[in-house]
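Single-structure report; data block below.
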Amino acid sequence: MADTADMAATAERRPVPPHALPIGHMREEEVDALVSLWERAGLTRPWNDPRADIALARRGPHSTILVARDGEKVVGSVMVGHDGHRGWIYYLAVDPALTRQGLGRALAHTAEDWLKARGVPKLMLLVRPENEQVRAFYAASGFIEEPRIIFTKRLDGK
């Protein structure tokens, strides 16, 4: 029969399932790790500066960036914000080594909870039409695809 010290040591060595990792607000010193995660997950685009997106999301009370950590390592993220009526999520990312283990769903649920706590009644997101894998992820997570025409206008001169 193992003693308590042996059982505690075994429990400490046992990996935490990704969906059970702690999720909390991003810290200032995690900017580089977050950009790296987004790059590895294929979320960055040449016309969007991820550091500027991070700074903007962290600037006011209507948005935040939530991260999942494995120890001190950032392994997942979701940017969430709202306009008072509609909530939006962006940059939902999971370290490629940890995909398909529930972490993406846990991050999405945490973003939903953040919005619910602020009384935001609707959550929206954008997915490129050709991204079938991501569309399937959100459909399986209870999202409904609603056809819309989106108009955009660049205000930054790009």
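No hydrogens, no waters, no symmetry mates; every other heavy atom, side chains included, goes into these values.
- Arg40 has its side chain within reach of Asp95: a pair of non-hydrogen atoms, C-beta onward, lies under 4.5 Å apart.
- In this structure the side chain of Lys73 reaches within 4.5 angstrom of the side chain of Val75, judged on heavy atoms.
- Looking only at distances, no side-chain donor or acceptor of Ser36 sits under 3.5 Å from a matching main-chain atom of Asp32.
- Side-chain contact between Phe137 and Glu132: absent, with no pair of heavy atoms (C-beta onward) separated by less than 4.5 Å.
- One finds the CD1 atom of Ile89 at 9.5 Å from the CG atom of Leu107 (value rounded to the nearest 0.5 Å).
- For the atom pair NE2 of His25 and OG1 of Thr64, the computed distance is 4.5 Å after rounding to the nearest 0.5 Å.
- Within the 3.5 Å criterion, the main-chain N or O of Tyr91 finds a donor-acceptor partner in the side chain of Ser77.
- When atom types are taken as modelled, the side chain of Asn48 and the backbone of Pro50 share no donor-acceptor pair closer than 3.5 angstrom.
- Taken to the nearest 0.5 Å, the CG atom of Asp156 stands 4.0 Å off from the CZ atom of Arg154.
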request  = Show the numbers, then the answer: is there a salt bridge (charged side-chain N to carboxylate O under 4.0 Å, His left out) between Glu72 and Arg27?
outcome  = CA-CA 11 Å; Glu72 291 298 312; Arg27 298 185 290 238; 2.9 Å; yes

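- For the pair Arg51 and Asp49, the salt-bridge criterion is not met [side-chain N within less than 4.0 Å of a carboxylate O].
- Counting only heavy atoms from C-beta outward, the side chains of Leu34 and Met26 approach each other to under 4.5 Å.
- Both tests hold for Arg118 against Trp114: distance to the six-membered ring centre under 6.0 Å, angle to the ring axis within 45°.
- Arg45 contributes atom CZ, which lies 4.0 Å from atom CZ of Arg128 (distance to the nearest 0.5 angstrom).
- Without hydrogens or angle criteria, Arg86 side chain to Met124 main chain gives no donor-acceptor distance under 3.5 Å.
- In this structure the side chain of Tyr138 reaches within 4.5 angstrom of the side chain of Leu125, judged on heavy atoms.
- A side-chain donor-acceptor contact under 3.5 Å links Ser63 to the backbone of Ala57.
- Val80 and Ile54 are not part of a single hydrophobic cluster, where members link through side-chain heavy atoms under 4.5 Å apart.
- No side-chain heavy atom of Leu21 sits under 4.5 Å from any side-chain heavy atom of Arg69.
- Atom CD of Glu146 is separated from atom CD1 of Ile144 by 6.5 Å, given to the nearest 0.5 angstrom.
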